[in-house]
Q: 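Before we start, here is the structure in question, set down as structure tokens.
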2 protein chains.
Amino acid sequence: MERSHSAQLENLRSKIANMGSYAQKALGLVLQALVEKRLDLFDEVFEIEKKINEWHKQLDEEAVEYLAANGPVARDLRAVVSLVKINTDLERMGDQCVNMAYIGKDSLKKNLDLNIPAVRTMFSIVQEMIEKSLESFIKHDSQIAQKVLMMDDEVDDLKKKVQSDMILEMKKSSEFVDRGLSLILIARNLERFGDHATNICEDVIYTEAGQDVRHGGFV
Amino acid sequence: MERSHSAQLENLRSKIANMGSYAQKALGLVLQALVEKRLDLFDEVFEIEKKINEWHKQLDEEAVEYLAANGPVARDLRAVVSLVKINTDLERMGDQCVNMAYIGKDSLKKNLDLNIPAVRTMFSIVQEMIEKSLESFIKHDSQIAQKVLMMDDEVDDLKKKVQSDMILEMKKSSEFVDRGLSLILIARNLERFGDHATNICEDVIYTEAGQDVRHGGFV
């Protein structure tokens, strides 16, 4: 739990945490828009994603400046390399939210109800994943990160369930095709959002413990 | 076109280029398997992806070692930060190929024909994108990279076309649901594969020209 000694690195970290809170907010807005059938909230998602894209460029630049100025080694070096990767993951989370906002907007216009239990459960789990991944990052806590990694399978299973349920529905009647496809695509975007939360946690574990747990490595 | 002066960095670059050639090979195998209806080729894709995942971890580690040992600045620093990102893009390309291999395997078993003109064209363009992105990386050539960026819109348009065509087919008859969904998902994976080729080119431009062209920046 030892913190970094560099104020510049801490400053970068807090900017990444802030960007993460916006990715989290975008995800919440997508869910709220789908549940409350509010088209206006999707536009907020688009606005947030623009901000995230700006920060993405800016924080990469700051990370490179930090490396050039300080030539860090050991834990601080791992921390800044992880920051660059987490930055990319957060930017992709913004992309997933925008994808879902497009699908959601189109579906609301067609008066399709995307608010089904399995997808609601997926949203809940993925929201917990982003929340905990940011907490593990902020608190330098590998144990919290480890817990998030274990949530990923449940999201995968739910995605498969949504997909097979919707295929059955779509086969029953052509009127379910649009809704079924929209739900399948929302589920796939949620799964990928969860994957990015997992990536963040793997980077937290790498930074704090110096161990690479990706692709089936263990701590 | 000035080359890096560090033999260690050149060594890392050639390993990334080699990993890229495997991502390219995996994409070619997916197409060949779909066209020739050969289930065995999908297994080759799974094997290649395992190798790519191993290299992904190993090359990240080598990049961090390089940073720690050399504390590079300016172009060499940009080059190594880009390597870390390109490494992630190549690993994701492996993921896309595995996704397509699962979909393809399932479809072949159900005797579905996924070999339609729009998807064939998508494969051709995306194959050119990965080829040119690796060429731009190997040759330090921003101009080739710039050309790849312009190919992305065509892939997006084709993905939309596949999606709308397949929705129509699926609505016509329930027997088209499995095939339509498989083609939509293949098209989406190809589009994402193309996105990663685009990311690589943006990193080449950033390394060579020092300019960040992501999110609508210009050179």
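Computed from a predicted structure; not experimentally measured. Per chain, numbering begins at 1; letters A, B, ... match sequence-line order.
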Q: So for atom NZ, which belongs to Lys161(A), do other residues, nucleotides or ligands contribute more than 12 heavy atoms lying within a distance under 6.0 Å?
A: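 No, NZ of Lys161(A) has 12 or fewer neighbouring heavy atoms, counting only those of other groups under 6.0 Å.
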Q: Given a strict heavy-atom distance threshold of 4.5 Å, which part of Val81(B) is in contact with chain A: side chain, backbone, both, or neither?
A: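 When you check distances to chain A, only side chain atoms of Val81(B) fall under 4.5 Å.
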Q: What residue, out of Lys172(B), Glu91(B), His56(B), Lys85(B), has the most heavy-atom pairs lying under 4.5 Å from chain A?
A: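 Greatest number of close heavy-atom pairs with chain A: His56(B).
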Q: With a 4.5 Å heavy-atom cut-off, do Gln163(B) and Leu185(A) have their side chains touching?
A: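 When only atoms from C-beta onward are counted, Leu185(A) and Gln163(B) do touch, with a gap below 4.5 Å.
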Q: Measuring only between side-chain heavy atoms, which start at C-beta, is Val84(B) closer than 4.5 Å to Val84(A)?
A: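 SC-SC contact between Val84(B) and Val84(A) ruled out.
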Q: Let me confirm one number: the CD1-OG distance from Ile167(B) to Ser182(A), rounded to the nearest 0.5 Å.
A: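 Output value for this atom pair is 7.5 Å.
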Q: Within a reach of under 6.0 Å around CD of Glu169(A), are more than 12 heavy atoms found that belong to other residues, nucleotides or ligands?
A: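 More than 12 within 6.0 Å, yes.
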Q: Calculate, to the nearest 0.5 Å, the distance between atoms CG and CG belonging to Asp212(B) and Asp60(A) respectively.
A: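 Taking CG in Asp212(B) and CG in Asp60(A), the distance rounds to 7.0 Å.
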Q: Examine whether an atom of Asp95(B) lies under 4.5 Å from a heavy atom of chain A, and if so say whether it belongs to the side chain, the backbone or both; otherwise answer neither.
A: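 For Asp95(B), there is no contact with chain A at all, as no heavy atom is under 4.5 Å.
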Q: If you count the non-hydrogen atoms of other residues, nucleotides and ligands that lie under 6.0 Å from CZ in Phe46(A), is the total more than 12?
A: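 Counting other residues, nucleotides and ligands, CZ of Phe46(A) exceeds 12 neighbours.
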Q: I'd like to know which of Arg188(A), Arg192(A), Glu54(A) tops the heavy-atom pair count under 4.5 Å against chain B.
A: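 The residue among Arg188(A), Arg192(A), Glu54(A) with the greatest pair count is Arg192(A).
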Q: Of the backbone (N, CA, C, O) and the side chain (C-beta and beyond), which part of Leu67(B) lies under 4.5 Å from a heavy atom of chain A, both, or neither?
A: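 For Leu67(B), heavy atoms of backbone and side chain both lie under 4.5 Å from chain A.
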Q: Which atoms of Asn199(B) are under 4.5 Å from chain A, going by heavy atoms: the side chain, the backbone, both sets, or neither?
A: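 For Asn199(B), the side chain is the part near chain A, not the backbone.
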Q: Can you establish whether the number of heavy atoms outside Gln58(A) located under 6.0 Å from its atom CD is more than 12?
A: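 It does: Gln58(A) CD has more than 12 such atoms within range.
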Q: Return yes if some donor-acceptor pair links the side-chain N/O of Lys171(B) with the main-chain N/O of Glu175(A) below 3.5 Å, else return no.
A: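 Flag not set: sc Lys171(B) to bb Glu175(A) has no pair under 3.5 Å.
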Q: Can you find a pair of side-chain heavy atoms, one from Arg214(A) and one from Asn53(B), that are under 4.5 Å apart?
A: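 Side chain of Arg214(A) against side chain of Asn53(B), heavy atoms only: no contact under 4.5 Å found.
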Q: Would you mind checking which part of Phe176(B) comes under 4.5 Å of any heavy atom in chain A, side chain (CB onward), backbone (N, CA, C, O), both or neither?
A: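 The answer is neither part of Phe176(B).
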Q: Taking the side chain as every heavy atom from C-beta outward, state whether Glu49(B) and His215(A) have any atom pair closer than 4.5 Å.
A: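 No; the side chains remain at least 4.5 Å from each other.
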Q: Under 4.5 Å heavy-atom distance to chain A, tell me which part of Glu61(B) shows up: side chain, backbone, both or neither.
A: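 Contact with chain A: none, neither part.
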Q: Given that the side chain runs from C-beta out, which part of Leu77(B) has a heavy atom under 4.5 Å from chain A: side chain, backbone, both or neither?
A: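 For Leu77(B), the contact with chain A is made by the side chain alone.
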Q: Measure distances from Asn70(A) to the heavy atoms of chain B and classify the residue's part below 4.5 Å as side chain, backbone, both or neither.
A: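 When you check distances to chain B, no heavy atom of Asn70(A) falls under 4.5 Å.
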Q: Taking heavy atoms only and a threshold strictly under 4.5 Å, list by residue number the residues of residues 111-118 of chain B that touch chain A; give 'none' if the list is empty.
A: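 Expected list: none.
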